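Heads up: the structure comes next, in structure tokens.
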Amino acid sequence: MFKKYDVIVVGAGHAGCEAAAAAANMGSKVLLVTMNMATMAQMSCNPAMGGVAKGQIVREIDALGGLSGIISDKSMIQFRMLNKSKGPAMWSPRTQNDRVLFAQEWRLALEKIENLDFWQEMVKEIVVEKGKVVGVKTGMGHVINADSVVLTNGTFLNGIIHVGEKQFGGGRTAEQAAYGLTEQLVSLGFESGRMKTGTPPRVDGRSLNYEAMEEQKGDEHPGKFSFSDTEPLKEQRSCFITYTNPKVHGILETGFEQSPMFAGRIQGVGPRYCPSIEDKINRFAERDRHQIFVEPEGWNTVEVYVNGFSTSLPENVQYKALTQIPGFENARMFRPGYAIEYDYFPPTQLELSLETKLIKNLFFAGQINGTTGYEEAGGQGLIAGINAHNKVHGKAPFILSRSEAYIGVLIDDLINKGTEEPYRMFTSRAEFRILLRQDNADIRLTQKGYDLGLASQDRLDKVNKKLRSVVALENVISTFKIKPSKVNGRLESLGTATLKEGTSLEKLLKRPELGIEELKKISPDFGDMLETYPEDVIEQTEIKIKYATYIDKESQLAGKLGTMDSKKIPDSFDFNSIPALSAESREKLNKVQPKTLGQASRISGVTPADISVLLVYLNR
């Protein structure tokens, strides 16, 4: 009944969809196996994509030729560029999405891929021969052969849902958990652990009093994720902000004795940066309120997501507390919040390609690696799909460095440092964040996507045209002279030094108080000339000129990192043979088995002194 596939992807969440699309679009014969085809690409938690650092990942996925950015654009109901008051390294795009439309668009996109087949069933085992994966075995006993397998099981591996003192098996509300796979992987020598995440209650938007809340509109001129020609929004839906209060906290505390988290029924570690509401009021008892974001679930639904109120307390406690939040006095709850525990596999067991070290041609991506978030999952899925294809076609692994992409930072962190709590990406994790901005993801990665066979020729042509336009505009700004009489009045009003002699617009633009918009007011001729340039070219040019010193400094540091990453460590190098290394360093190095000196330097517990010792031995 089944043909042999190049790649089998298990799980059709964000990681699985990106992995299957990437491998199939690169030319592999791919089978996507999921327990429920009706919930492919489901937004299991909040109906949104992007945000701080996560938005950069979505743009990187898009630049490489993945689909998350395009799907997000087609299903968004609101767009906001976060952190615009800060420097461009912090700017992060975020969309509010129509949950149903998002999943529909993903399925439509996947079904258009000729090399991609689907099968609805649970995978209970992988089939391994001589240390190499050769297929999967399903719950009904079907053995499906493949040259590589990508596991993207999300929260389904031995998933347990908690609501108060109630608990039941499930990978998501109203969906069964997946059993058997963890036990088999452990028997093969893998180390596993437990993690926990949660979700808030959903309420009927018709029962809310929005006048008691603060409206949060989208950007006046909404942007988008994809560098392709997806349509920007013409109308948007608003979100709203409200707050908890001491009365809400008091009601929640009455349920603490029944809390699965405080009672010890939940053993898994939860996300540090997205705690439940009961965890927040317990850890931050000094705060008398916490922010709640009221987010619509789509264009044509009254269902509302209560962001900031994730909880696993009993339903009656959840409801009682909700009704004390301003605007929620008459709220009707559609379904309660819950916590879910699930199995994961510490990612130090993987290569940087996301292939497992124990079993050849087996790849892990998404929450199975201990991450949290759609964006982190999608980025891993894309890389795993690319590398599964490359492996079966005899090509080298595709690995992004920390200076090339947030996706590179994400995977490097996971492999070298591991994670004992759900990993979430932040801009602070990237030491080269001025290089890894959301606005230049196309410039950084489209050529790589094109070389892989994912990004189209049109995409590459568009990037090259943008680069030529940026160079041309930089030249204009650097040679455009302005006289003191034309600008001093404006400079004085802005509180910046006036000119004694003529200068170029480039020098003015480097002043913190001045931007392109100010230069247009100072010189109408310059403003008229700018009309011939697209907005993204103007933005890119302004950033390059204004932050040139910082960009150059980070580029030099990235070059030094690249030098260390080019220093190879032989396979199966015996770190125990170097007595000058610390005991902790030897233990960590033997466990991770880094491929380069740069990778070794980023392993937790390996000191600069250890790296110096290792360098001496490698030079011998």
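No hydrogens, no waters, no symmetry mates; every other heavy atom, side chains included, goes into these values. All values reported here derive from a predicted model rather than from experimental measurement.
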For the pair [X] (side chain) and [Y] (backbone), establish whether a donor and an acceptor sit closer than 3.5 Å, ignoring hydrogens and angles.
X	Y	value
Arg272	Glu421	no
Gln380	Ala15	no
Asp219	His221	no
Glu18	His14	no
Arg94	Gly50	no
Asn153	Ile368	no
Glu554	Ile434	yes
Arg202	Phe334	no
Thr311	Ser276	no
Thr419	Pro422	no

Output field: ring centroids His389/Phe398 closer than 6.0 Å: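 No, too far apart.
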So for atom [atom1], which belongs to [X], do other residues, nucleotides or ligands contribute more than 12 heavy atoms lying within a distance under 6.0 Å?
X	atom1	value
Glu420	CD	no
Lys74	NZ	no
Glu535	CD	no
Tyr450	OH	no
Tyr550	OH	no

Candidate pair Asn416 and Gln599, rule side-chain hydrogen bond (donor to acceptor under 3.5 Å, both in side chains), full reasoning: CA-CA 7 Å; Asn416 294 319; Gln599 186 185 353; 3.0 Å; yes
Ion pair present between [X] and [Y], side-chain N to carboxylate O less than 4.0 angstrom?
X	Y	result
Arg602	Asp565	yes
Asp412	Arg429	no
Asp229	Lys462	yes
Asp413	Arg402	yes

Drop me the distance from [X]'s [atom1] to [Y]'s [atom2], to the nearest 0.5 angstrom.
X	Y	atom1	atom2	value
Tyr374	Cys17	OH	SG	12.5 Å
Ile386	Ile383	CD1	CD1	4.5 Å
Glu506	Lys544	CD	NZ	11.0 Å
Leu454	Asp62	CG	CG	11.5 Å
Phe118	Met40	CZ	CE	4.5 Å
Ile443	Asp536	CD1	CG	8.5 Å

Counting C-beta onward and ignoring hydrogens, is there a side-chain heavy-atom pair between [X] and [Y] closer than 4.5 Å?
X	Y	value
Glu375	Ser68	no
Phe227	Arg59	yes
Arg172	Ile340	no
Gln291	Ile241	yes
Ile411	Leu400	no
Leu350	Leu414	no
Phe293	Cys239	no
Ser148	Lys391	no

Given the rule in the side-chain contact (heavy atoms from CB on, under 4.5 Å) test, do Gln96 and Arg237 qualify, once you have shown the distances and angles that lead to the verdict? CA-CA 9 Å; Gln96 200 68 36; Arg237 286 201 66 177; over 6 Å; no
Over all atoms of both residues, closest heavy-atom pair of [X] and [Y]:
X	Y	result
Ser238	Lys217	OG-CG, 3.6 Å
Val150	Ala384	CG1-CB, 3.9 Å
Met49	Phe225	O-CZ, 3.6 Å
Arg437	Asp439	NE-OD1, 2.9 Å
Phe102	Ala41	CD2-O, 3.5 Å
Lys417	Thr348	C-CG2, 4.4 Å

Taking only residues two or more places apart in sequence, or in another chain, which ones meet Phe240 in a ring pair (Phe, Tyr, Trp, His ring centres under 6.0 Å)?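 Per chain and number, Phe240 pairs via ring pair (Phe, Tyr, Trp, His ring centres under 6.0 Å) with Tyr210.
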State which residues pass ring pair (Phe, Tyr, Trp, His ring centres under 6.0 Å) with Phe345; sequence neighbours excluded, sorted by chain then number.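 Checked Phe345 against ring pair (Phe, Tyr, Trp, His ring centres under 6.0 Å); matches are Phe364.
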How about [X] and [Y]: does a side-chain donor come under 3.5 Å of a side-chain acceptor?
X	Y	value
Gln556	Asp552	no
Asn97	Thr95	yes
Ser92	Gln56	yes
Arg80	Gln236	no
Glu105	Ser75	no
Asn46	Glu295	no

Take Arg468 and Val537 through the test side-chain contact (heavy atoms from CB on, under 4.5 Å) and record every step on the way to the result. CA-CA 9 Å; Arg468 289 192 298 270; Val537 170; over 6 Å; no
Using the six-membered ring of Trp91, assess whether NZ or CZ of Lys84 lies under 6.0 Å from its centre and within 45 degrees of the ring axis.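 That pair qualifies as a cation-pi contact.
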Given Thr230 and Asp73, is the side-chain hydrogen bond (donor to acceptor under 3.5 Å, both in side chains) satisfied, shown in steps? CA-CA 7 Å; Thr230 52; Asp73 287 353; 2.7 Å; yes
Quick one, Asp6 with Val30, criterion side-chain contact (heavy atoms from CB on, under 4.5 Å). Give me CA distance, side-chain angles, the key distance, then yes/no. CA-CA 6 Å; Asp6 294 318; Val30 180; 5.9 Å; no
Check against side-chain contact (heavy atoms from CB on, under 4.5 Å), Met195 and Gln367: CA-CA 9 Å; Met195 282 190 174; Gln367 284 178 286; over 6 Å; no
